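Shown next, in structure tokens, is the structure this report addresses.
Chain letters run A, B, ... following the sequence lines, proteins first and then strands; every chain starts at 1. What you are looking at is a predicted structure, and each value in this text was computed from that prediction instead of being measured.
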Amino acid sequence: MFPGVHESLSLAIRRFLSPPEHRPKHEIEAEIREEIEFHLAMTTERIVQEERLDSEQAKSEALHRFGDPDTITRECTRIALKERIMLQRINTALIALVAIGLVIFGVSTLQQQARTNAAFEQINEKLTGLASSQTEIPPVASEPERAQPEPVVYVEKYDGSGADSVPFTEGMTVAVALRAALGDSSPVPVEQLRVNVVRWTDQNEEIVVLRDVPATTDFELRPLHSIVVTGTSVKLPWVLYSPSADDQTALETAASRMFIAGSEFGDEVTVENIFERCAEELGLALEIDTDDLHESEHSLSRPVSTEFAETLTLAEAMDFACHIAVYVNFNKLLWDIHEGTLIVGPAQAIAERALVTSTYRVDELLGPFPTPQDRQDLRETIQMMVGFDHWREYGGDFGIYTEIDSRISITTIPGYHRSITSILQSLRDPQQQYPRVWIQDKYYDRISEKVILGRIDEQLTAKTPIIEAIQSSLEGFGLPRFIAFTELESIGFKSSRPIGRKPSVSATLTNHLDGWLRQASPNDYDRAHWMAYGGGIIISSAASLDSITTTRTYDLSALELTSDHDFVDSIVDLIQTRVDHDGWRDKGGSTGIISAFRNLLVIQTAEAHHRAIFALLDEYRSKNSIGATSSSPDRVVYISGGVQNPGVYQLALDSTMTVRQLIEAAGGYTIQPDSAQIAVTRTYADTGASRTWNFGPKHHDISMPLEPGMSVAISGEPPRQPGEPAPFQSQDLTTANTP
Amino acid sequence: MPPSKDQPSPPERPDILRGTLDMMILKVLTAGPAHGYEVMQRIARASEEVILLEEGSLYPALHRIQKRGLVRSEWHRSASNRRARYYELTDAGRKRLEADVNTWSRMSQAVDSVLGSRFTAPEA
């Protein structure tokens, strides 16, 4: 015998004699899936450790390296069942032969019944015996008993630690599973948590079974259900900065008592007079320290107005005085109240007298299981929005930020503590502080009402100087008389120029103000603008008005069904491209700052830019309302993340557009195409439930047809080739984006 | 579905000669039972990261050689306390490995001989 032939023959005989796989197909498949899941989990862990990716990215990368688990599962199942499939085919063929044989013999029987009775019965018995032996194929030898996959459910905390599996038991409830997974690690009793219950289909589709329900629900879990903790039903500890009782009283008085100049200052009130008067009213000592400001940068003796208004509170008057006292806004003047003293000066001067350490407990804001990303975003939001230049860790002079669990310890000046408190409150409850309906400055609302000048037109003629026309029209409407004209000399503003023609009675006051200011300005580049600020109206240069910033929080959940980082980033890009293009600090500008915390954007910029941002988001929202669903009459779809032009796209009535075509319509990928992870989400109007289809890099050519209301989110790696990323193209979302 | 034309080609990996994958799996299992992930790691380590398997291709190969009786498998707890399917070499697998290694050595020597020879271009 030739070498090897004996071995090959013995293998062939062994294979021929080996028992066919007799377990149900779904059991075999389940085992193979579990085996592959184990492999992916191990690879994910290794990538997290070695490549420092977060768990989601690592999971995606592991999947990328592995290939399509479904295809591999099918291939392994086919191998496992190969003999059985072949035997089934042979079996079927034999039964068919038997049946044909029976027919033939039946015919023969009719023809030769008399002669062949005995023979027929003999043959028939043989054939029946053959058929029954092929119908049931007993295992040749019993295999050793194998361990079956244990049924499990998963518990996910969304804190970046991944999902914990818990052995499934019949009748298991959410609370039981949570107790088993979390033990004592939950900051509140598990019954007080709120959860989503999710299940995954074989096609890796996520189906939300229960949305945001208390953990006490009596819903009975099934194997492979996932419980995702979303929050708590109870209020977690929440402690913010609180000044001393006396300082708090003084602050409340400053915010509520009206400023009355009195006669002691004569006809002219200076900036210094305002602070003196306020300190007196509040019963506080006054310390003004402008040593850190260059003489040319400020003037405390600057006159404000002979008619300095009694329409302002003490706090508003001091805010206003701080602003107009400083010529160059690199170093702002601030006021603060600390231990019975009203302190006025730049931040560093206040810090020399009043540096306060306060501990903030933000458990409720961060939720029961905060992610490292949440903590980082919160830190950045606070440090960017408040005292940007003063944090010690970035080379500043006094601000210190430290964190332990859900406690934040901050050392800074009292006024900054108050600002931080305000931001944290807006983040915790954006609906209350900045609802989805835009709250404008109360004075701006009145000015911009659709009122016409009809009832005061008698007072204004073509020869009325512009400055008088402005004062007259504002006063005529009972609007605050406190009007400050600042920084107008530097731009050559001609306030005595006549308005030229009698105002139209059909125009609004806003239209007239804008028109007159344009008329008195030398050109469009050096134009004077107006803004409502702290109860007064400031008319000044654009640069000066831009330096008066306010901080607002925008809730992006009103815009998009999902709030992933890519979507938030695309909205930030949209804002920075369309509003105050050159002003954003992270783009080399000097005023605007944007920071994101989950699906909230905190933006610090001039009020005029806030208005433009709101209008932009409102425009986006009108095309992409939160209620957009499969029954949306708008027939729009949304795409966000790694494409050139994310946004809203209109579907034609008879559209057969696919996901791939939408990606192309949006200008194609800005990410590495072979790393693209695509999530298509559809929300159902009746139940509010949503369903997500996830596609990996191997499915980039997605032919899935789109339906109105669907959202497509693209993520992936940045392009491998170094070079400039494609710029975001300014576009009109209502028209230009429509493919 | 075929990839579109604008897709870049995948990064190059050293190709594994057809048939050698089974032999390598059998070889690394001589060190003791291992789950699929460990098999892949052993091959990568032994080859000093030169041979990086297409991870998905490993499992059909494992199931194929199990079907041929060269390995058997059982479920056990892994070091991370998760259930994992461990593969173990059978006697038939050891014999097959021995035969395959002999064949491979002969072929390898033969290829080396061809590559090490000096040839002159035949005259036209």
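- With 3.5 Å as the limit, one finds a donor-acceptor pair spanning the side chains of B/His63 and A/Glu35.
- We find that B/Lys27 and B/Asp100 are not joined by a salt bridge, their nearest charged nitrogen and carboxylate oxygen being 4.0 Å or further apart.
- Residue A/Leu40 does not touch chain B at all, counting heavy-atom pairs closer than 4.5 Å.
- A/His39 has its ring centre less than 6.0 Å from the ring centre of B/Tyr59.
- Proximity to chain A is absent for every atom of B/Glu38, based on heavy atoms less than 4.5 angstrom apart.
- B/Tyr87 and B/His35 have their aromatic ring centers separated by at least 6.0 angstrom.
- Contacts between A/Ser165 and chain B at a heavy-atom distance below 4.5 Å are absent for every atom of the residue.
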